[in-house]
Amino acid sequence: MNRRAAGLAALVALLALGVLASAHPGVRFVDIVSFSARARDLAAGLPARDGLYPLGYPSVLVLGHAVVGDVLPFAKLAAVLAASALVALVAGRWGVLAGAWILVQVPTLQWGSTEGTDMVAASLSIAAVVVSRHGMTAGLCVG
């Protein structure tokens with residue numbers, strides 16, 4: 001892995017996606033409303049409302065709320081970090097141009113700067129493929 005390429009790509013992605021996220025401080029994707037409600041329930045010790053949805057993301061939102069104080073900025077931060085990690089992973093594995101190509105894709109720019117689970121899930125899924133030789137790490141990414 002080329003650490004220099006990964007670091008440069010991560011920095012550029014963090015800056016670009018951070019600017020895009022901060023340009024829209026309000027809610028852009030309404031799914032955060034239901035996820036934050038699940039996070040509130042978890043924080044209060046209430047059982048899950050709907051067994052079809054996993055509790056991983058709402059659990060992360062609970063932790064984020066405890067650290068940041070508000071779910072919405074933390075959810076945006078999680079998307080920015082997930083997209084930046086994906087760009088860095090690709091750049092470190094296949095070079096800066098490959099990382100730049102991932103960064104300038106419309107879905108990366110849109111969902112990497114918007115609160116919600118899509119960028120986090122996509123980044124972790126792709127990361128699992130990239131690190132597939134390391135079974136435990138890949139399993140944690142997919143899980």
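- Here the shortest heavy-atom pairing between Ala75 and Glu115 reads CB-CB, 3.6 Å.
- Here the CE-CG distance, from Met119 to Leu124, works out to 9.5 Å after rounding to the nearest 0.5 Å.
- Side-chain atoms of Leu20 and Gln110, non-hydrogen and from C-beta on, never get closer than 4.5 Å to each other.
- Between Val120 and Ala78 the shortest heavy-atom distance is CG2-O, 4.0 Å.
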Distance-only check: which donor-acceptor pairs under 3.5 Å involve side-chain atoms of residues 22-33, not counting sequence neighbours?
{"unit_1": "Ser22", "atom_1": "OG", "unit_2": "Gly18", "atom_2": "O", "d": "3.1"}
{"unit_1": "Ser22", "atom_1": "OG", "unit_2": "Val19", "atom_2": "O", "d": "3.0"}
{"unit_1": "Arg28", "atom_1": "NH1", "unit_2": "Thr114", "atom_2": "OG1", "d": "3.3"}

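- Nearest heavy-atom pair, Ala9 versus Ala91, reported as atom, atom and distance to 0.1 Å: CB-CB, 3.4 Å.
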Please list, one pair per line, the donor and acceptor atoms closer than 3.5 Å that link side chains of residues 96-109 to other protein atoms, with sequence neighbours excluded.
{"unit_1": "Gln105", "atom_1": "NE2", "unit_2": "Trp101", "atom_2": "O", "d": "2.9"}
{"unit_1": "Thr108", "atom_1": "OG1", "unit_2": "Ile102", "atom_2": "O", "d": "2.9"}

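- Closest of all the heavy-atom pairs between Ala83 and Gly112 is CB-CA, 3.8 Å.
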Would you give me the side-chain donor-acceptor pairs under 3.5 Å for residues 57-73, sequence neighbours excluded?
{"unit_1": "Tyr57", "atom_1": "OH", "unit_2": "Gly116", "atom_2": "O", "d": "3.4"}
{"unit_1": "Ser59", "atom_1": "OG", "unit_2": "Leu55", "atom_2": "O", "d": "2.6"}
{"unit_1": "His65", "atom_1": "NE2", "unit_2": "Gly69", "atom_2": "O", "d": "3.4"}

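- Ser84 places a side-chain N or O within donor-acceptor distance of the main-chain N or O of Leu14, the cut-off being under 3.5 Å.
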